[in-house]
Each structure stands twice: as structure tokens, then as C-alpha cells.
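These numbers were taken from a predicted model, which means no experiment stands behind them. Quick note: residue numbers are just sequence positions, from 1.
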Amino acid sequence: MRKIKKGLALLLCVAMAVSCAACGSDDGGTTTTGGSGGTTQGGGTSDDGTREEVTLTMFSQQSVTSESGIWQGWGAQKLYEDLTIKLDLYPTGNEVEQKLNQYLAGGSLPDIIGFKGLDQAQLAMDADMLLPLDEYKELLPNIFENSYYEDAVGYSQEYTSNGTGHLLIMPTAVGPASYNAYNWVPLLQWDAYKKIGMPEINTLEDYLDVVEQMVAVKPVTENGEKVYGFSLFSDWDKYTALEVSTLSFFYGIDTEYVSHLMETNVITKETESILRDDSFYKRALKFYFDANQRGLLDPDSMTQTYSNVDAKYSAGRIMFSYFSWMTGSYNSTSSGHVNNEEAPDGYASVLAKDMKLYDAPDQTIGRNWYYAISKNCKDVERACEFLNWLYDPEVIAYLSNGPEDLLWSYDENGEPKVKDPEGWEVIDKKTEALMPEEIGGGAFQDGVYAFNTLGISACTIMENGYSNSYRYWPSTLTRNPTLMKLEVNEWLGADTLAEYVIANDMVAKSTQAVNMITPISD
């Protein structure tokens with residue numbers, strides 16, 4: 001009977017995916033590391049020290065990209081030098097969940113699988129297609145003997161193991177939430193906003209008038225391309241139109257982590273249907289409907305992909321952004337906008353007065369993005385070796401910051417600092433192939449891009465007393481701001497967005513409970 005239920009559940013999930021897919025970051029824990037070039041516990045090394053080359057397949061839903069093939073660049077070379085392993089990346093891109101369901105229906109998964117949600121992992125667990133990692137502890141010391149992951153491992157074994165008590169899925173981004181790293185922030189093109197007099201914005205709907213005025217003063221780019229107020233894409237749609245529902249996070253309303261069909265207000269603790277008459281989702285739909293009626297919505301919004309929208313942000317063709325990081329390359333120093341002495345420009349944080357930005361919780365048990373090894377993996381020993389490497393804090397620091405003495409170094413006081421200007425040149429131009437060929441070449445982002453998120457969070461304090469990622473080193477936080485940033489800070493009356501929103505009671509701090517929600521039943 002149990003097998004029949006599993007089969008029915010799987011068929012139902014595949015059917016649902018086909019019908020719905022049209023819409024689109026140390027306390028000194030003990031580690032055994034392969035990250036510094038030493039041997040890792042386990043097999044793969046012969047008595048004479050030589051290692052047989054192996055290629056592992058990987059389907060990581062966390063990284064939404066159409067790129068595929070053998071992982072290339074400086075991160076890939078580090079993996080090969082440490083373990084003689086190559087990764088064959090399977091494409092994700094559009095309709096990623098439908099692809100996962102196709103693998104499940106076929107009864108076979110790639111060797112390494114990345115899940116972007118417990119509901120996805122649950123499908124694989126129900127189908128009994130994941131390896132019990134706790135049966136291979138001797139090959140995974142960086143996971144099972146490391147205090148960074150102790151709570152995450154224990155929680156996953158007890159609560160997200162399909163009742164087996166095994167570690168079937170290993171969470172990522174374990175650790176504290178990042179300071180001044182709000183994911184959902186309304187951004188406007190700064191120069192156009194200044195030109196219309198920087199009008200006060202009181203509610204979400206006020207952006208319609210403001211953006212309409214901004215498009216009027218900048219109807220086309222310097223290259224003659226049409227400018228739109230708003231632009232959407234469908235790649236990341238799931239149960240809702242994600243670029244619509246995501247506006248809820250401006251008001252402390254979770255429409256993604258607790259339930260895709262519900263709205264949970266982290267301030268009032270109320271949970272309601274997204275389809276009720278006065279839901280925020282319907283308010284957001286009306287917002288974009290009105291934008292379209294005014295001619296402010298990019299007509300490609302229904303069909304274009306994230307990469308299309310990213311290119312438009314890079315060209316300055318969109319006035320409004322809803323993710324703090326979604327600016328394309330327009331905000332990079334190399335673009336020439338943010339330090340333009342005559343008219344500093346870029347996407348700047350401009351909040352409505354009634355907003356309370358969703359602040360992510362600390363993630364002692366990790367976030368609900370996971371990595372696992374499939375049961376059909378033909379080389380379990382080497383797959384475990386890779387997973388152990390991926391969760392090695394030293395490897396994570398390497399992939400996050402690049403090699404020591406190349407992009408960064410310790411000063412005379414033992415403080416890590418990005419080299420200025422040569423290190424920042426590579427980091428700021430993260431998509432350009434500026435990494436030296438002798439370490440593998442490629443762009444700075446190639447270290448993490450294939451995985452999106454790693455084992456410990458970016459601001460986790462390491463053994464050296466500083467954060468895992470350069471982004472939260474003291475020298476980075478106090479780095480000379482751009483001309484645009486200086487203007488924005490003066491306007492806000494604060495040096496950081498966090499300082500501004502905290503002082504003005506504009507934060508909605510979430511709870512770790514959002515990472516403890518069980519999947520919806522069939």
C-alpha cells in the first residue's frame with residue numbers, strides 16, 4: 001500500500017508540474033579538510049598517492065541557469081587539484097521543478113542533487129531515491145564532526161528525514177543572518193528620481209505616479225532603447241507569479257517560505273490565503289495591472305527570462321527593482337554611473353513610509369535549500385568526498401573570497417582585507433574573466449555561481465575572528481562609498497540602509513520557524 005501511495009504521489013506531482021509550469025549565505029569545530037590540499041578521509045587515493053579522475057553529475061536547482069557541461073574556472077580547478085573530481089552540471093533554467101519531476105518519474109537522479117525547498121526534497125525522499133549520508137560518516141567528517149553544522153544535522157535527521165532518522169538532505173547557509181543584507185528592497189534609478197524632485201512615497205501605490213514621472217524624464221537610454229517603469233519574468237514562478245507575490249516582503253509578509261499559497265505576516269503572526277479578497281497578493285496584482293494600464297510595464301514581462309531582465313537592468317532600461325541585488329551591472333563601478341561626477345546614478349534604496357522590510361531569521365538549522373546524493377550514484381565514495389569538500393569551511397572561504405594573497409590578504413594586525421585596487425577590480429567586475437589562468441581562470445563569480453549558496457552563511461564568524469565572506473569584513477563595510485551612495489546616505493541621514501530602517505521602525509524580523517515548515521501533503 002505504501003508503494004502504491006508513493007507512486008500515486010509521484011504521478012500527481014509530475015502532472016501538477018506539467019500543468020503549472022507555464023508561468024513560468026566559527027567556533028573552532030573540528031574538521032578534516034581537503035580544502036587545503038591535504039587528503040580527505042575516505043577512499044579515492046591509492047597507496048602511491050595517485051587518484052583516479054572521476055566525473056560526477058550534478059543538478060543544482062539553487063543556481064537557476066541554462067548553462068551546462070563540465071564546471072570550469074578557478075573553483076573547478078581547486079576541486080580537481082584537491083580531489084581529481086570534475087562536475088558535469090545539468091542545466092536548470094526554466095521550469096526547473098518540471099525537470100526534477102522528470103528525473104524522479106524516470107527513477108534516476110544525477111549523482112549530486114540540490115533542492116530549493118523541502119517540498120522538492122520530500123518528493124525524492126518519498127521515492128526512496130536519496131542516500132542516507134549518516135551511513136558514510138567516515139567519508140563526511142566536515143559535516144558530522146564540525147560544530148558549525150551540529151544543530152542542522154540533528155534537526156534534519158529528526159524532522160526532515162521522512163521518519164527514517166537518517167541524514168538524507170543536508171541544509172545550506174547554516175549560521176547567523178547577515179546585517180544590512182535585506183533581500184527585498186524597493187530600488188529606483190537615482191538620477192531620474194532626483195530630476196523629478198525626489199517626491200515622498202507613502203505607500204506601494206505611490207510608486208506608480210513616481211515611476212511614471214521618472215519615465216517621462218528618461219523615456220530612452222543614451223543608446224536610444226526604450227525605458228520601462230517595471231519589468232517581470234516568469235522563470236521563477238511556482239504556485240504564484242513570484243515577481244508579484246514577492247512585493248509582500250516589503251511589508252513583512254512571507255509568501256514563499258511558510259506556504260506558497262498563504263500569506264504569513266511576521267509582525268501580526270496571522271496567516272491567510274493569498275486568494276482572500278483583501279490579500280496582499282491581489283493588491284500586488286492590481287499594482288502591476290495599473291502599471292500596465294499606464295504603459296509602464298514591459299510588454300515582454302509574460303515571456304522573457306531572468307537573463308533578459310538582467311540585461312535590461314544593466315542597460316538602465318527599468319526604473320524600479322524589488323530585489324536589493326537585481327540591478328544587472330548598472331551599479332558596478334565599471335559601468336561609469338555610480339561615480340559619474342556630473343550626475344551620479346544607479347539603483348538606490350527608496351522606501352515607502354509605510355514599509356517594514358522582511359528581515360531573515362538566523363539559521364541555526366540552515367535554510368530550506370539542501371544538497372543530497374542520489375541512491376543511484378555509481379561512485380558513492382567519490383560523491384561523499386565531493387560533498388565533504390563542498391561543506392569544508394576552508395573551501396567555502398576559498399570559493400567565497402578567492403585565493404589568499406591574490407584578491408585579499410591579512411594586514412599587520414591579522415585583519416583580512418580585499419586588496420585595493422587589484423582585488424576589488426576583480427570582485428566588482430564579477431562576471432568578467434579576470435581570474436588568472438594559472439589558478440583556472442574565469443570570472444570571480446565562478447567560485448560560487450554553480451551552487452548559489454554554500455554550507456555556512458556569509459557572515460558566520462570563522463576561527464580568525466572575522467566573517468566567512470569578504471562582504472562583512474570591517475574594511476569592506478567601511479570601504480569608500482560611491483558618489484551615488486554618498487548622496488543616498490545624506491538623503492537617508494544614515495550610513496547604511498540597516499541603520500535607517502532600524503531607526504525608523506521599518507523592520508519585520510522573521511523567526512527561524514519559517515525554516516521548520518513541513519511540506520504540504522498530497
Side-chain angles (χ1 to χ4, degrees), residues 23-24 63-67 92-96 183-196 204 207-208 210-237 241-247 250 284-285 287-340 343-350 428-432 443 445 449 452 482 484:
C23 295
S63 184
V64 182
T65 173
S66 58
E67 296 178 7
T92 51
N94 295 337
E95 301 177 347
V96 62
N183 189 52
W184 299 272
V185 181
L187 308 179
L188 295 177
Q189 273 193 38
W190 182 243
D191 186 54
Y193 183 56
K194 285 192 300 181
K195 285 179 178 177
I196 66 169
L204 174 68
Y207 285 98
L208 294 170
V210 170
V211 169
E212 190 168 37
Q213 295 174 59
M214 291 169 61
V215 172
V217 299
K218 184 186 174 181
V220 296
T221 66
E222 292 180 356
N223 295 328
E225 296 177 297
K226 184 172 175 57
V227 171
Y228 295 101
F230 309 90
S231 190
L232 308 175
F233 57 97
S234 60
D235 303 41
W236 301 352
D237 290 352
L242 183 64
E243 287 68 53
V244 177
S245 62
T246 202
L247 297 183
F250 292 165
L285 285 168
F287 175 79
Y288 281 118
F289 172 81
D290 290 341
N292 190 46
Q293 292 294 100
R294 296 186 186 207
L296 299 174
L297 185 64
D298 182 355
D300 294 333
S301 292
M302 184 178 292
T303 57
Q304 67 187 344
T305 65
Y306 168 74
S307 60
N308 300 137
V309 174
D310 185 63
K312 289 178 179 178
Y313 277 110
S314 296
R317 297 186 59 195
I318 309 169
M319 286 296 179
F320 177 92
S321 177
Y322 38 86
F323 285 127
S324 61
W325 45 266
M326 196 164 69
T327 62
S329 61
Y330 198 77
N331 277 25
S332 67
T333 54
S334 59
S335 70
H337 303 299
V338 290
N339 281 321
N340 186 315
D345 195 17
Y347 289 94
S349 304
V350 181
D428 287 340
K429 298 179 180 179
K430 62 181 180 180
T431 62
E432 298 184 23
Q445 74 167 15
Y449 190 68
N452 193 324
T482 63
M484 183 203 75

To the nearest 0.5 Å, tell me how far [X] [atom1] sits from [Y] [atom2].
X      : Y      : atom1 : atom2 : result
Tyr207 : Phe320 : OH    : CZ    : 6.0 Å
Ser329 : Asp428 : OG    : CG    : 12.0 Å
Trp236 : Leu242 : CH2   : CG    : 7.5 Å
Thr221 : Ile318 : OG1   : CD1   : 12.0 Å
Gln293 : Leu208 : CD    : CG    : 11.5 Å
Leu232 : Glu243 : CG    : CD    : 6.0 Å

Quick check: closest heavy atoms across [X] and [Y], and the distance to 0.1 Å?
X      : Y      : value
Ser314 : Gly328 : OG-CA, 3.3 Å
Tyr228 : Val215 : C-CG2, 4.1 Å
Ser324 : Thr327 : O-CG2, 4.4 Å

Using the side-chain hydrogen bond (donor to acceptor under 3.5 Å, both in side chains) criterion, which residues pair with [X]? Sequence neighbours excluded.
X      : result
Ser334 : Ser332
Ser349 : none
Asn331 : none
Tyr347 : Gln189

In chain order, what residues pass the side chain to side chain contact (heavy atoms under 4.5 Å, CB included) check against [X], with sequence neighbours excluded?
X      : answer
Ser321 : Leu187, Tyr313, Met326
Thr482 : Thr333, Val338, Asn339, Met484, Lys485
Ser307 : Thr305
Gln304 : Ser231, Phe233, Asp298, Asp300, Ser301, Asn308, Val309, Lys312

Inset, instruction - I would like to know whether Phe289 and Asn292 meet side chain to side chain contact (heavy atoms under 4.5 Å, CB included); could you show each step before the answer? - result: CA-CA 5 Å; Phe289 172 81; Asn292 190 46; 5.8 Å; no
Can you check whether [X] reaches [Y] side chain to side chain, under 4.5 Å on heavy atoms?
X      : Y      : answer
Leu247 : Trp184 : no
Tyr322 : Pro186 : no
Leu188 : Val210 : yes

Legend entry - Contact list for residues 210-234, test salt bridge (charged side-chain N to carboxylate O under 4.0 Å, His left out), sequence neighbours left out: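 Pairs touching residues 210-234 that pass the test: Glu212-Arg294.
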Inset, instruction - Measure the acute angle between the ring planes of Phe230 and Phe287, then classify it against the limits of 30° and 60° as parallel, tilted or perpendicular. - result: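 Judged by the thresholds at 30° and 60°, the geometry between Phe230 and Phe287 is perpendicular.
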Inset, instruction - Take the angle between the ring planes of His337 and Tyr330 and call it parallel below 30°, perpendicular above 60°, tilted in between. - result: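 Parallel.
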Legend entry - Those residues that, when tested against Lys195, pass salt bridge (Lys or Arg N to Asp or Glu O under 4.0 Å) (two or more places apart):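 Listed in chain order: Asp191.
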